[in-house]
Structure formats: structure tokens, C-alpha cells
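The structure appears right after this line, and notes come after that.
Below, each value reflects all heavy atoms present in this structure, side chains not excepted, and no hydrogens, waters or symmetry copies.
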Amino acid sequence: MNHSVITDTDSYKWGHFLQYPANMTATQSYFESRGSSEYPELQETLWFGMQGLLLGHLTRPLTQSDVDEVAALAAFHGPTFNEAGWRRLVDRHGYLPVTIRSLPEGMWVPMHTPLFTVTTTDPEFSWVGGYVETVLERLWYPTTVATVSGLVRRILTRYMERTTSYSREERDGMLDFMLHDFGSRGVSSQESAMIGGAAHLVNFKGTDTVVSLPYLRKYYHESAPGFSINASEHSTIITWGLTGELDAYRNMLAQFGQPGKIFACVSDSYNLWYAIESLWGHVLKEDVEKSGARLVIRPDSGDPVEVVLKSLTMLGERFGFTTNDRGYKVLRTVRVIQGDGVEPASIEKILSTITTAGWSAENLAFGMGGALLQKVNRDTFKFAYKPCAVQRAGKIVGVKKTPVTDTGKQSLSGVLDVISSVDGQQFVISAQSNAPTMDPHPNSMMRTVYHNGVMMTTDTFAAIRTRATY
């Protein structure tokens, strides 16, 4: 169903137009992360998702039929709906009369810093700034997924720097495929898979979430945003039966074991250790080596730390290894991908354990599913959308929330903007409590991305990825 932004709100907001001061003619609101207790090591979030949301939801013209839809709901639902106001807005504008200014997507932004502002542009419809909170605040989701994915990239980078001596370009090329998105089946909707999958691809290029690819093609001008390989799952292995396990693996090798190709095979359907030692590492060993392909063994059960280390050790015994110039072991012919129990903390523990045991991080990749796209919520990074300035009787004043019961929920006050410090290394919040206008600061880092229904600025996905690297 393709509902309009009039429908896409919280119903209690219908009656808010009657709750504002009668002399209010403009509002400015902003969106920020207020920190994280779940990831205290992070002091910033990776901003992503505005362009897709605006193009997908706010550039569609509003119609009287959209008003009819909500008016019909209001007839029985309860709260007072501003039917007359919305009909005038549709006739006069046809789009939301707001200006949205945003920091460039792909930036790592310090927490408590405004990511975007929303300023109303028509005195009659100043209440719209609060009405659109629901749809705009959903930007917590792609930003949270991008941030968690980016945290994993930081962890992987640290261990790759420690255990390898590749050039920056070579290392980054390998890192692009060290965290694979397995999350499509684990999310609550197709739209979540599209948006969350796209957010992950800001940091990596490996994904099995197909719906994220057309999303990025449509909204971010990226023709080939993500890649995958041929891989088995338990259903394709167990259909051969226990006595046919060897035949299942032999078939995988025959179908996908071509020179220069990579394929992955889940190998714990029955006995992982038997599969590694006797099947892959003995009966099929010579065929694997002669194929010229890279076999990636996937364990999918047991304690991730213990299973990964033991898998590397056994594969090293069967296929051999070299020692790189940093003194760490690198498997010949084969690799391991861990896709069970994967999240930032377990990735850190696995990498720490194998590094201590003398294995290079390049032996290993990860697949992350529900913990990447679903095990997040708005409070993971405590996102909030709040008004910061209003114009009443022609005067602009700052407003803020200051609950005595929770100082962590205090909001910012004044006409807000974000500028860089003199050396360009720090974000500085500009907050004018008695500003003459709501115009942007002359040195603003924010850009006008939306004005009264028109997209003013768009980015390529390549540009966003470039900003996210450091």
C-alpha cells in the first residue's frame, strides 16, 4: 500500500494543530542521536538514509484523495483531524511546505549534533513541522544499521592492520567483502530489508539482500552496489541425505569450482569436524586444490569463538598454510566464513582469539543477519526529533525540552546549524536563541536537500561511500 505522508503519522498528531499557540507562524525542528549505552565506545553515528526517504515518500504530490483517506479514518478513529487545513495545503502547495537541511550522508557525526533540520515555509501551516516527525524520525533505522556495520568495519580494519601488511588499497579491497549481509529473512518487512541492506552497503560490498540493490539504483544512482557468490545452505546439503553428504560437496565443487571463482559451503549439517577432516580435507582435497577455486567453509552452529579457531586449525592441518611477513598464518586454498552468532562483540572476541593463536584476520569473513538489520531500535543510539525554535508574533525564540527526571533527554534550543571548526576537524553547533531569521549560517556544513516538494541536492552512492571511509 502506498499511503501519503498525511496518513504516515501518529494519529494523536492529527489534533496538534489546535494545540500550538495561535500566533505561531513558523517552526524549526531537528534530529539527533543522544548517545548510546549499548555501544559506549562510539561517540558518533554514520548518517545515512535521507535521500532515499525523501525520494520515496516526500516527493510524491499530495492529493485531495489522500485527505479523503485520512478523513474517512478520522470519522471513527477518535482524534480531531485537520481536514480543512490539509485541503488548503494540497490546493496551495501540493507538497509539504518545509525546507529540510541535512549534513551530507556518509559523514560520521558526533552524537548530540543535529543531523538535519526542518523549517516550515508557510505561516498558515507551521504545524506541519511536528506532523512529519513520524516519517522523518524513521531515519534512525538506516543510520543505526550503517553505524553498527561501520563499527564492524573499524574492528576488522584494526585486526587486518595488525595481522597483514597489504597496501591500503589492497586491504580495503579485502575489507569490502569481510562482512556479508545475511539479514533479509530476519527483518520484519521488505522495506526494512531494502533500507537496512542499503545502509550496510555504505561500508561493505557483500550482500545477499537482493532488494537493497534496486533501492540503491533508484534512489542513489548506483548501478552495481553489492555482490555475492554461489553458496549452499542446509536444505541443499541435507536433501542428499547423511550418506550422500560427500556427493553434495562433490556436486558443489563440480558446479562452482572453477579457476578464480569463490564459493561457500555450509559444512555442519551433520558433523563439521568429520566434514573438514575427512571429506573436504581428505577425499576432496586434491580436487579442491586442482580446481583453482577458493573454497569457503561455513560453520553454522556451536560456540562461534571455539568453532572458528578449531576450524582454522583443522583446515591448516589438512590444506596447509603460509606465514606472512607479520608472522601470522594464512590458509592455502580455503577460507572460513562465520555466519552464526555474529555481532560486533562476538566479532571482536573471535578475531582476538584467532590472532592470539597466530592466525591472520584475512582467513576469515563474517555473515551477519538479524543482529545487523533487526536487532536494533530507535534507542540503540537514542534518536530524537524535537522543535528548537518557533516564530510567534513575528519574533523567533528558542524552545527546548528540559525534564528534571532525565537530563539525558534535554534538547537543543535556538535556530540550529552545524559548522566546522577553523581547522575543519570538529563539528560546531550554531544555536541562535533570538535569531532575526531561520536562515542557515553562512558557513553551514548542512545543505538544503528538500524545499516545498523539490529535491535540491542529491548524492551518488559512491560519494557517500567515500565520505564514510577514513
*Atom NE2 of His282 with >12 non-hydrogen neighbours under 6.0 angstrom*: no
*Distance only, no hydrogens: is a donor on one side chain within 3.5 Å (strictly under) of an acceptor on the other, for Glu233 and Thr236?*
no
_Asp287 and Arg250 ion-paired at < 4.0 Å_ = no
*How many angstroms lie between OG1 in Thr157 and CG in Asn203, if you round to the nearest 0.5 Å?*
9.5 Å
*Cation-pi geometry met for Arg162 and Trp359 (6.0 Å, 45°)*: no
*Among side-chain atoms of Ser430 and His441, is any donor-acceptor pair under 3.5 angstrom?*
no
*salt bridge (charged side-chain N to carboxylate O under 4.0 Å, His left out) partners for Lys409, two or more places apart*: none
*Flag the pair Leu139 / Met50 as yes when at least one side-chain heavy-atom distance between them is below 4.5 Å, and no otherwise.*
yes
*Quick one: does Glu222's side chain get under 4.5 Å of Leu213's, heavy atoms only?*
no
*Spell out, as yes or no, whether a donor-acceptor pair under 3.5 Å connects the side chain of Thr9 to the backbone of Ile6.*
no
*For Val399 and Ser413, which heavy atoms make the closest approach, and how far apart are they?*
N-OG, 3.3 Å
_Taking the basic N atoms (NZ, or NE/NH1/NH2) and the acidic carboxylate oxygens, is any pair closer than 4.0 Å for Glu105 and Arg467?_
no
*Indicate whether the side chain of Arg326 and that of Ser165 have a donor and an acceptor atom separated by less than 3.5 Å.*
no
*What pair of heavy atoms forms the shortest contact from Gly226 to Leu201, and how long is it?*
CA-CD2, 4.1 Å
*May I ask you to test the Ser291-Gln258 pair for a side-chain heavy-atom distance under 4.5 Å?*
no
*Do Lys401 and Asp406 sit within salt-bridge range, that is, some charged N less than 4.0 Å from a carboxylate O?*
no
*Can we say Arg34 and Asp379 salt-bridge, meaning some charged N sits less than 4.0 Å from an Asp/Glu carboxylate O?*
no
*Compare every heavy atom of Gln410 with every heavy atom of Glu32, then report the nearest pair and how far apart it is.*
OE2-O, 4.3 Å
*Would a distance-only check, ignoring hydrogens and angles, find a side-chain to backbone donor-acceptor pair under 3.5 Å from Arg318 to Gly281?*
yes
_Donor + acceptor pair across side chains of Ser360, Glu362 (<3.5 Å)_ = yes
*asked:* Which label fits Phe31 and Trp47: parallel for a plane angle under 30°, tilted from 30 to 60°, or perpendicular past 60°?
replied: tilted
*asked:* More than 12 heavy atoms of other residues, nucleotides or ligands under 6.0 Å from CD of Glu286: yes or no?
replied: no
*Regarding Ser267 and Trp280, is there a side-chain donor-to-acceptor distance under 3.5 Å anywhere?*
yes
*How about Trp140 and Thr380: does a side-chain donor come under 3.5 Å of a side-chain acceptor?*
no
*asked:* Quiz question: by atom type and distance under 3.5 Å, do the side chains of Thr147 and Thr144 form a donor-acceptor pair?
replied: no
*asked:* Against the six-membered ring of Phe204, is Arg153 placed for a cation-pi contact (under 6.0 Å from the centre, within 45° of the normal)?
replied: yes
*Min side-chain heavy-atom separation Thr164-Tyr159 under 4.5 Å*: no
*Check ion pair Lys285-Glu289 (N to O, under 4.0 angstrom)*: yes
*Where do Leu103 and Pro114 come nearest, in terms of heavy atoms and distance?*
CD1-O, 3.4 Å
*Check: Glu191/Tyr215 side-chain N/O donor and acceptor closer than 3.5 Å*: no
*Side-chain donor-acceptor pair under 3.5 Å between Asp8 and His57, yes or no?*
no
*Would you mind reporting whether Arg447 and Asp459 have side-chain heavy atoms less than 4.5 Å apart?*
yes
*May I ask you to say whether Lys13 pairs ionically with Glu133, meaning some side-chain N is under 4.0 Å from a carboxylate O?*
yes
_If we ignore hydrogens and angles and just use 3.5 Å, is the side chain of Ser444 paired with the main-chain N or O of Pro440 as donor and acceptor?_
no
*Residues, nucleotides or ligands: over 12 heavy atoms within 6.0 Å of Gln190 CD*: no
*Do Val336 and Arg298 touch side chain to side chain, with heavy atoms closer than 4.5 Å?*
no
*Heavy atoms only: give me the nearest Leu315-Arg335 pair and the separation to one decimal.*
CD1-O, 4.5 Å
*With a 3.5 Å cut-off and no angle check, do the side chains of His221 and Thr460 form a donor-acceptor pair?*
no
*Report the relative orientation of the aromatic rings in Phe48 and Phe461; use parallel for angles under 30°, tilted for 30 to 60°, perpendicular for over 60°.*
perpendicular
*In Å, rounded to the nearest 0.5 Å, how long is the span from CZ of Phe182 to CG of Leu372?*
11.0 Å
*Between Arg138 and Tyr141, is any pair of side-chain heavy atoms under 4.5 Å apart?*
no
*asked:* Less than 4.0 angstrom from a charged side-chain N to a carboxylate O is my criterion; do Arg171 and Glu161 meet it?
replied: yes
*Over all atoms of both residues, closest heavy-atom pair of Phe263 and Met252*: CD1-CE, 4.0 Å
*asked:* Salt bridge or not between Asp439 and Arg101? Use side-chain N to carboxylate O under 4.0 Å.
replied: no
*Examine the side chains of Asp268 and His234 and answer whether a donor and an acceptor come within less than 3.5 Å of each other.*
yes
